[in-house]
A.B. asks: 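Structure in structure tokens, see below.
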Amino acid sequence: MAVASPTQKAPKPKLTLAQAQVIALKARAGKVTDHELEAEKGGSGLRYSFDIKAGGKTYEVGVDAVTGKVLENIVEGPNPD
């Protein structure tokens, strides 16, 4: 009997960084100051995370790297990732 491995590999992104950035900027207009591709809970488990400066605040916008769905669009807290 085969036993599933306790560690699952995250799916490969279907979106490019550029495609995800377009989606993020539609959700929160501003200037991208940082970005990363990260494995994180929620959605497909793989997301592009963008820091976007707008109106004097920095927002974290997360875009699912597989589906393109916006998973997060919030003001960055005092201790950014």
Side-chain angles (χ1 to χ4, degrees):
M1 179 168 83
V3 177
S5 170
T7 57
Q8 294 181 339
K9 291 174 68 176
K12 291 185 180 184
K14 290 186 178 178
L15 297 176
T16 65
L17 173 65
Q19 291 169 321
Q21 184 169 313
V22 167
I23 294 168
L25 288 170
K26 283 183 181 176
R28 176 69 61 186
K31 180 180 178 177
V32 174
T33 59
D34 194 20
H35 59 78
E36 65 182 324
L37 178 63
E38 57 190 354
E40 206 168 284
K41 292 181 181 178
S44 69
L46 189 62
R47 75 171 63 185
Y48 288 103
S49 180
F50 298 91
D51 289 348
I52 299 177
K53 188 137 182 130
K57 296 181 181 179
T58 300
Y59 295 84
E60 184 171 354
V61 180
V63 177
D64 191 295
V66 176
T67 68
K69 180 179 177 183
V70 175
L71 302 172
E72 182 176 39
N73 186 353
I74 60 170
V75 174
E76 185 117 284
N79 300 310
D81 296 350

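This one's a predicted model, so the numbers in the text were calculated from it and none came from an experiment.
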A.B. asks: Residues in side chain to side chain donor-acceptor pair (under 3.5 Å) with Thr16, at least two apart?
C.D. replies: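 In terms of side chain to side chain donor-acceptor pair (under 3.5 Å), with neighbours along the sequence ignored, Thr16 is linked to Gln19.
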
A.B. asks: Considering all heavy atoms of both residues, which atom of Ala29 and which atom of Ala54 are nearest to each other, and what is their separation?
C.D. replies: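 So the minimum-distance heavy-atom pair works out to O-CB, 3.2 Å.
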
A.B. asks: Kindly work out whether a path of hydrophobic side-chain contacts (I/L/V/M/F/W/Y, heavy atoms less than 4.5 Å apart) joins Leu15 to Leu37.
C.D. replies: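 Shared cluster, yes.
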
A.B. asks: Which value, rounded to the nearest 0.5 Å, describes the distance between Tyr48 atom OH and Glu38 atom CD?
C.D. replies: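 Those atoms lie 11.5 Å apart.
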
A.B. asks: What pairs with Lys53 under side chain to side chain contact (heavy atoms under 4.5 Å, CB included), at least two apart in sequence or on another chain?
C.D. replies: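 Lys53: side chain to side chain contact (heavy atoms under 4.5 Å, CB included) contacts with Thr33, Thr58.
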
A.B. asks: With Lys41, which residues qualify under side chain to side chain contact (heavy atoms under 4.5 Å, CB included), at least two apart?
C.D. replies: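 So Lys41 forms no side chain to side chain contact (heavy atoms under 4.5 Å, CB included) with any residue.
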
A.B. asks: Do any pairs count as a side chain to side chain donor-acceptor pair (under 3.5 Å) and have a residue in residues 22-31, sequence neighbours left out, and if so which ones?
C.D. replies: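 Only Arg28-Asn73 qualify under side chain to side chain donor-acceptor pair (under 3.5 Å).
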
A.B. asks: Could you list the residues that satisfy side chain to side chain contact (heavy atoms under 4.5 Å, CB included) with Leu25, not counting sequence neighbours?
C.D. replies: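 For Leu25, the residues satisfying side chain to side chain contact (heavy atoms under 4.5 Å, CB included) (neighbours in sequence not counted) are Gln21, Val32, Ile52.
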
A.B. asks: Could you state the interatomic distance from OG (Ser44) to CG (Leu71), rounded to the nearest 0.5 Å?
C.D. replies: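 With rounding to 0.5 Å, OG (Ser44) is 7.5 Å from CG (Leu71).
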
A.B. asks: Please examine the side chains of Glu72 and Val61, heavy atoms only from C-beta on, and report whether any two atoms are closer than 4.5 Å.
C.D. replies: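 A side-chain contact is absent here, since even the closest heavy-atom pair is not under 4.5 Å.
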
A.B. asks: Report the distance from atom CD1 of Ile74 to atom NZ of Lys57, rounding to the nearest 0.5 Å.
C.D. replies: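 One finds 12.5 Å between CD1 of Ile74 and NZ of Lys57.
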
A.B. asks: Heavy atoms only: give me the nearest Tyr59-Val75 pair and the separation to one decimal.
C.D. replies: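 In terms of heavy atoms, the two residues are closest at CE2-CG2, 3.3 Å.
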
A.B. asks: How long is the gap from CZ on Arg47 to CD on Glu36, to the nearest 0.5 Å?
C.D. replies: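 Spacing of CZ (Arg47) from CD (Glu36) equals 10.0 Å.
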
